[in-house]
4 protein chains.
Amino acid sequence: MTAAMMTPGKTAGQVRLAGRPRSSACRQAILRAAYELLSESGLRNFTIEGVAARSGVARSTIYRWWPTKGALAIEGFLEATASHITFPHTSSAKADLKVQMRLVAKMLRGGAGRILCGIIAEGQSDPETIAAFAVGYLTPRRRECAAILRRGIDNREFRADLDIPTVQSALYSPLHLRLLLREPIDDPWVENLAETVLRGCLAGD
Amino acid sequence: MTAAMMTPGKTAGQVRLAGRPRSSACRQAILRAAYELLSESGLRNFTIEGVAARSGVARSTIYRWWPTKGALAIEGFLEATASHITFPHTSSAKADLKVQMRLVAKMLRGGAGRILCGIIAEGQSDPETIAAFAVGYLTPRRRECAAILRRGIDNREFRADLDIPTVQSALYSPLHLRLLLREPIDDPWVENLAETVLRGCLAGD
Amino acid sequence: MTAAMMTPGKTAGQVRLAGRPRSSACRQAILRAAYELLSESGLRNFTIEGVAARSGVARSTIYRWWPTKGALAIEGFLEATASHITFPHTSSAKADLKVQMRLVAKMLRGGAGRILCGIIAEGQSDPETIAAFAVGYLTPRRRECAAILRRGIDNREFRADLDIPTVQSALYSPLHLRLLLREPIDDPWVENLAETVLRGCLAGD
Amino acid sequence: MTAAMMTPGKTAGQVRLAGRPRSSACRQAILRAAYELLSESGLRNFTIEGVAARSGVARSTIYRWWPTKGALAIEGFLEATASHITFPHTSSAKADLKVQMRLVAKMLRGGAGRILCGIIAEGQSDPETIAAFAVGYLTPRRRECAAILRRGIDNREFRADLDIPTVQSALYSPLHLRLLLREPIDDPWVENLAETVLRGCLAGD
DNA sequence: CGTTAACCGAGACGGTACGTCCTGTCTTCGA
DNA sequence: TCGAAGACAGGACGTACCGTCTCGGTTAACG
């Protein structure tokens with residue numbers, strides 16, 4: 001019965017970390033720099049070297065923790081936008097969706113939009129990035145949106161035979177594609193889109 | 001030393017070109033190589049050097065004619081897809097749209113889809129590319145689509161107050177975004193999307 | 001005895017010239033431009049393209065007549081400096097040499113000096129240039145100088161056993177080397193050099 | 001993030017270098033390749049790319065350490081010729097100079113001569129190269145030569161009023177200029193030159 | 001006085017090398 | 001073990017010239 005060498009006073013079961021622990025200041029600085037660079041000047045100047053320079057961190061430190069630029073961009077994006085977009089929750093599912101779409105549109109018009117573009121662009125030459133983006137961003141948002149739609153169906157606000165993923169696509173894809181194509185995403189347009197798509201979703205025809 | 005005397009009144013409209021004429025064999029070889037490289041391995045290996053190597057043309061010749069990789073990609077794309085996607089023309093606008101969406105989906109599943117992704121990605125760091133893509137591809141397609149929708153309205157097949165650009169977005173954006181996100185675009189899904197969106201567009205509610 | 005086929009009535013031995021004759025305006029413009037470019041900014045910007053641009057002549061015209069940049073530089077140099085340096089002719093050979101050295105020094109301090117440097121530099125990667133320079137410039141000058149030295153010997157001003165080429169080298173090489181090394185070549189220094197070298201050449205020890 | 005704390009009072013004079021140290025194998029390989037290329041085929045094929053290829057080193061590594069081709073050539077030259085030319089030291093200054101001149105002539109006839117030409121040629125379009133060459137090669141040699149001349153004066157072998165730099169020029173410039181003009185530098189000629197110039201330098205006229 | 005051969009301007013083309021920027025890996029030191 | 005610093009191999013960039021080539025238009029001497 002060899003007693004496990006434990007750092008005295010440490011909470012047992014905790015994985016023993018040898019050597020110098022990871023600096024969280026570094027991590028923050030890097031993600032922050034990545035976010036800023038992307039939102040300021042897009043992909044063109046989004047470079048590991050640039051991030052290192054702006055954050056004052058060594059290049060190798062970045063490589064140690066993020067396998068690709070895409071991963072870095074995504075983590076910076078998520079860190080910054082986490083829970084900025086909260087789904088509302090009123091009695092009308094349709095109203096909730098509209099509010100939510102306007103929130104998304106607002107976000108996309110800002111720095112986060114440029115980053116989202118960068119991530120998708122980067123993903124075109126790196127499937128991992130797309131996958132990570134799906135896991136970290138798309139899927140959660142879709143789940144939340146699906147919940148509202150399902151509520152609307154339960155409400156009898158929406159048709160019972162609604163194909164939820166398809167409606168989601170019809171509602172949100174135009175926003176993102178316009179962003180990618182550098183076309184404006186103003187609120188009246190969003191309102192119009194929501195009305196157009198949701199008209200076919202309402203129950204009681 | 002000798003001033004090139006402009007012969008006025010010569011074959012009107014026909015520009016007189018001095019110097020050795022541009023080699024169309026070169027142009028073809030380059031565009032072809034660009035198309036192939038993009039559709040085979042995406043943006044990652046789409047490189048001016050690579051295009052030069054594959055086409056057997058000097059790098060400087062490429063730079064002479066295309067200012068950016070984006071311009072090259074677009075021209076290769078247009079050259080290859082020109083009039084591959086023709087809008088059908090039957091009595092039912094709705095049916096026409098569905099057929100057309102299936103055609104687009106088919107194209108996007110092939111090499112042209114990867115190129116389209118490449119162009120959009122490239123465009124994220126070069127607005128010119130996006131602009132050229134809009135002029136050369138988006139706008140013409142949108143015009144054709146709008147014609148069908150307008151016909152549907154005239155037919156009384158669709159509601160009279162339809163906002164055409166919005167419907168276009170709702171119909172086609174999901175296709176393109178799924179492509180960019182590497183999600184499958186199979187025919188049933190397309191069918192479903194068309195039905196979902198068009199349901200709200202039909203006249204006679 | 002086969003009669004040579006001759007253009008009847010032409011001065012025998014004259015080559016028959018068909019077609020448009022060479023434009024001497026072109027030739028002048030090119031040589032002038034070459035000279036100017038070289039004397040203004042040295043070898044660095046001495047470029048066939050540059051000469052063509054400055055002279056307003058097509059690049060191919062230059063290539064037609066001059067095989068290398070070196071040949072062009074030399075011809076420009078000779079055209080411009082031809083008989084600018086005349087050997088004086090007084091009673092004292094020593095005095096003549098000193099005057100002459102000062103003239104050479106003066107020329108080397110000006111634009112022609114920079115060109116001479118350019119020619120020698122160019123010659124390091126093209127033996128033809130060196131050869132042409134020797135034929136067109138060095139040899140004639142050496143002949144003139146040798147004449148003076150020979151006169152000095154005949155005069156009994158100089159020792160009878162003088163090795164003329166060696167004395168020439170000792171007198172003129174330092175001037176050229178200083179030029180190449182960007183060291184100043186002022187008149188007192190030249191005077192000093194002449195005295196130092198010629199002291200050992202005088203007769204009557 | 002962590003500031004590099006200067007450890008004061010550490011091994012004085014010894015600079016503390018952060019990061020991976022420079023590879024001396026690289027440096028050697030590069031200089032060797034540069035020397036070889038220059039001595040084999042002169043300036044014509046002396047190219048950063050060529051040096052990189054022959055030395056098996058990345059082009060960027062060369063650019064990191066040498067600002068210009070000239071600097072590279074000079075360092076290669078100095079590395080190879082360092083202390084190959086030692087000034088002799090006997091009782092007769094005149095004899096010492098003659099021996100020394102023959103040594104220089106011998107060196108100039110070999111690969112080092114071609115390199116010297118390359119350096120001077122390169123220097124014609126880059127003053128820095130000339131300057132570096134003066135500092136690294138000319139000045140030290142001149143100092144050594146001046147010492148002998150001064151000794152000869154102290155000896156009463158040479159005239160007391162000798163202008164040392166001028167004599168140096170008269171002795172050594174012809175050697176270098178002949179090299180640049182691709183004229184042979186054989187020992188009898190050198191002997192002759194030395195005699196001719198030094199005759200006017202001897203004391204006791 | 002029309003031929004006609006060489007000239008000239010213009011510019012495309014295949015190339016070579018440049019010098020820069022960034023990538024991803026590595027090596028060393030200090031914390 | 002982490003992080004800073006920075007060397008290194010390597011790949012692509014976009015530029016500048018090179019030397020060759022193909023055109024069309026010009027022009028002086030010949031027939």
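Below, each value reflects all heavy atoms present in this structure, side chains not excepted, and no hydrogens, waters or symmetry copies. Quick note on labels: first sequence line is chain A, next is B, and so on, each numbered from 1.
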Go through the N and O atoms of the side chain of Ser60(B) and the base of dG15(E), and report whether any donor-acceptor pair is under 3.5 Å. yes
Gln28(B) has an atom CD; how far is it from atom P of dC13(E), in whole Å? 12 Å
Spacing between Asp126(C) atom CG and dC18(F) atom P, to the nearest angstrom: 14 Å
Kindly confirm or rule out a cation-pi arrangement of Arg27(A) over Trp65(A), judged by NZ or CZ under 6.0 Å from the six-membered ring centre and within 45° of its axis? no
Pro21(B) vs Pro21(D), nearer the 5' end of DNA chain F by closest nucleotide: Pro21(D)
Quick one: Arg44(D) CZ to dT16(E) P, roughly how many Å, whole number? 15 Å
Working to the nearest 0.5 Å, report the span between CD of Gln124(D) and CD1 of Ile120(C). 8.0 Å
Taking the side chain of Glu49(C) as heavy atoms from C-beta outward, which of dC18(F), dC18(E), dA10(E) is closest to it? dC18(F)
In whole angstrom, what separates Ile62(D)'s CD1 from dA7(F)'s C1'? 14 Å
Trp66(B) pairs by side chain to side chain contact (heavy atoms under 4.5 Å, CB included) with which of Thr61(B), Leu72(B), Val51(B)? Leu72(B)
What integer distance in Å separates Trp66(C):CH2 from dT20(F):C1'? 19 Å
Using a heavy-atom cut-off of 4.0 Å across all strands, would you classify Trp65(B) as base, sugar-phosphate, or nothing? sugar-phosphate
By nearest nucleotide on DNA chain E, pick out whichever of Asn45(D) and Gly50(A) is the more 5' one. Asn45(D)
Nearest-0.5 Å distance that lies between atom NZ in Lys69(D) and atom OG1 in Thr129(D): 10.0 Å
On DNA chain F, does the nearest nucleotide to Ile48(B) precede the nearest nucleotide to Arg59(A) from the 5' side, or the other way round? Give the residue. Arg59(A)
Give the rounded distance in Å between these two atoms: CG of Leu72(C) and P of dC18(F). 11 Å
Mind calculating the distance between CD1 (Ile30(D)) and C1' (dA7(F)) to the nearest angstrom? 11 Å
Tell me whether the side-chain N or O atoms of Arg20(C) pair up with the base of dC7(E) as donor and acceptor below 3.5 Å, since no angle test is needed here. yes
Measure from CZ on Phe46(A) to P on dC22(E) and round the result to the nearest Å. 13 Å
The nucleotide from dG3(F), dC18(F), dA7(F) with an atom nearest the side chain of Arg64(A) is dG3(F)
To the nearest 0.5 Å, tell me how far Ile119(A) CD1 sits from Leu78(A) CG. 7.0 Å
Nucleotide nearest Lys69(B) (side chain, heavy atoms from C-beta), chosen from dG14(E), dC13(F), dC23(F): dC13(F)
Under 4.0 angstrom between Thr61(D) side-chain N/O and dA7(F) OP1 or OP2: no
Given dT20(F), dA4(F), dC8(F), the nucleotide with the shortest approach to the side chain of Tyr63(C): dT20(F)
